[in-house]
2 protein chains.
Amino acid sequence: MSPARTTAGAPISSIGRAIAVLGCFNERRRALTLSEISKKSLLPMSSTHRVVAELVTGGFLVRGSDRKYRIGTRMWSIGQLAPVSDQLRHRALPTLARLYEETGENITLAVLDRGQALYVDRLGGERSVHTGARAGGHLPLHTTGVGKVLLAWQTPAAIEKYLGRPLERTTPYSIVDPVKLKKELDETRERGYALTRQESTAGNGSVAVPILRGGRAVAALGVVAHLTHLDIPRLVEVLQAASESIRHELENDH
Amino acid sequence: MSPARTTAGAPISSIGRAIAVLGCFNERRRALTLSEISKKSLLPMSSTHRVVAELVTGGFLVRGSDRKYRIGTRMWSIGQLAPVSDQLRHRALPTLARLYEETGENITLAVLDRGQALYVDRLGGERSVHTGARAGGHLPLHTTGVGKVLLAWQTPAAIEKYLGRPLERTTPYSIVDPVKLKKELDETRERGYALTRQESTAGNGSVAVPILRGGRAVAALGVVAHLTHLDIPRLVEVLQAASESIRHELENDH
DNA sequence: AACGGAGGTTCCAATGAGCGGAACACTACT
DNA sequence: AGTAGTGTTCCGCTCATTGGAACCTCCGTT
């Protein structure tokens, strides 16, 4: 009897293990030692060692001079072929860059993916604050500006469905009460943009606007900044202009 | 005896097969049917079916309504964690966007990766011409502007090594004679930028400049456009300014 | 309606690739 | 020298993986 196959109930295939290993990496832990991978993936060391070695051979992992493993260029390269709102990203990028120049703060572009906000692009690293958002990363809908926007402009049914699930708390300011969140979403829809104050990360606030098509948000555009920098009226203005501009780009020749 | 393990000499592990399947996808073929994958990967249909099914379960592949398979969001998401010139890309993006606004043409940023030009960013889709370049894609060093730049500013030894290998031809204008290419590289270094005329794709030309650090090109910045649009003096000027600007960005606070 | 072909899926017996425990290295800190 | 943490190799058992074959489901054609 082989323990690993009996522990979790469902037997895990070799490929499933490889994916599990790759899944250990995330925005917080981009470099892992073998033991860390072993712990996170719940695989025995020797199995981890073998799987990891094969992934390195395939170029999906690389081992740095610090002996830690990282996601390899090959994985990035193939990943780029995924259809992740390609149109949107291409059309929006120049506008995002302009926003970044104007504000000097983190600019984020997110879409709805599997009940979370998927950040498809993010501009502005060192000049601005550190946020949880990363291109390729997922964050909850109810704690982020772009998330609240994406949720507010969904169908009522989809909103209800989201409210029915447990709402995770990430800071003391997170809105985790379904009733309060529903009210917040209504207000967001009314005023046309969303605000957060330390609901996702301490010290930060955000403003976000939807990119609308047929009454639904196909994406959300946001600015994250330190609370003390947050000039809301100005940001709302530039964001709404940018959103309009992207909407036009999307409508042109397509 | 299992044929698949004896055909190619080296036995291929389950994980290796999965990687081979994912490797079937490329810029030309972003959506594949099961049979196409089977043919390309040289795996029997039933094996392909199983491997693909597991990759779908893991979110590394998705099946569209056209029944074709595509790279999944999960793969993109994890791939984003790969350290692909992160600093460079973040710092350069606003400058790339400005270049795009100014020229309206394809702007590319590439680095050297495994003896090829790896496009780490590309701006400007529909407004401009169609090129072979794609963020995440690899192209030969000797047929592209950014490639010639990356090669020209390597060590003499690295250049000789490259010249020793067979040079692939992609258009009738490609330079595939090592002697001519060496001369071309010398000229490139002298004048400070590279030019191509239909050497990569028919009808297109390009201008490219290096982003230098310590006498070596850490990256190359290029513009690809239809030959008739190619205002070389102007492009050289804006590219060199942009290169300078990115070089400064890279030097600041790091 | 019958045919044919291509694409896709399921089945199943055989088997060897993957499995993980154990023993072994290597380093670092004490 | 001792201990703890990390990484690597070995090896016999076994079950997941394998691929041929049968089957299914759409097509367009006859």
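Predicted model, so just to flag it, every value in this text is computed and none were measured.
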Rounded distance (Å) that lies between atom P of D/dA16 and atom CD1 of B/I15: 16 Å
Nearest listed nucleotide, side chain of B/R17, among D/dT8, D/dT18, C/dC19: D/dT18
A/S14 side chain, from C-beta outward: closest of C/dG8, D/dG7, C/dC19: C/dC19
Side chain to side chain donor-acceptor pair (under 3.5 Å) pairs, two or more places apart, involving residues 154-164 of chain A: A/H142-A/Y162, A/E160-A/K182
d(CZ, A/R50; C1', D/dT17) in whole Å: 14 Å
Comparing B/S46 and B/K39 on DNA chain C - which has the more 5′ nearest nucleotide: B/K39
Atom-pair distance (CZ on B/R63; C1' on C/dT9), nearest Å: 10 Å
Sugar-phosphate, base or nothing in reach of B/S47, heavy atoms under 4.0 Å: base
Side-chain heavy atoms of B/Y119 within contact of B/L109, under 4.5 Å: no
Phosphate contact (C/dA6 OP1 or OP2) by B/R67 side-chain N/O below 4.0 Å: no
Atom pair distance, as rounded to whole Å: CD in B/E36 and P in C/dG8: 8 Å
Atom-to-atom span, CD of B/E54 to C1' of D/dT18 - whole angstrom: 12 Å
Value in whole Å for how far the C1' atom of D/dA4 lies from CE of A/M45: 13 Å
Check: A/S174/A/T143 side-chain N/O donor and acceptor closer than 3.5 Å: no
Salt bridge A/R50-A/E54, side-chain N to carboxylate O under 4.0 Å: no
Residues B/D113 and B/H138: side-chain donor-acceptor under 3.5 angstrom: yes
Closest nucleotide among C/dG21, D/dG7, C/dG8 to the A/P44 side chain: C/dG21
Nearest-angstrom distance from the residue atom CG of A/L32 to P of D/dT6: 13 Å
Whole-Å distance separating the CG atom of A/L42 from the C1' atom of C/dC19: 16 Å
Residue A/S35, side-chain atoms from C-beta onward, closest of D/dT17, C/dG8, D/dT6: D/dT6
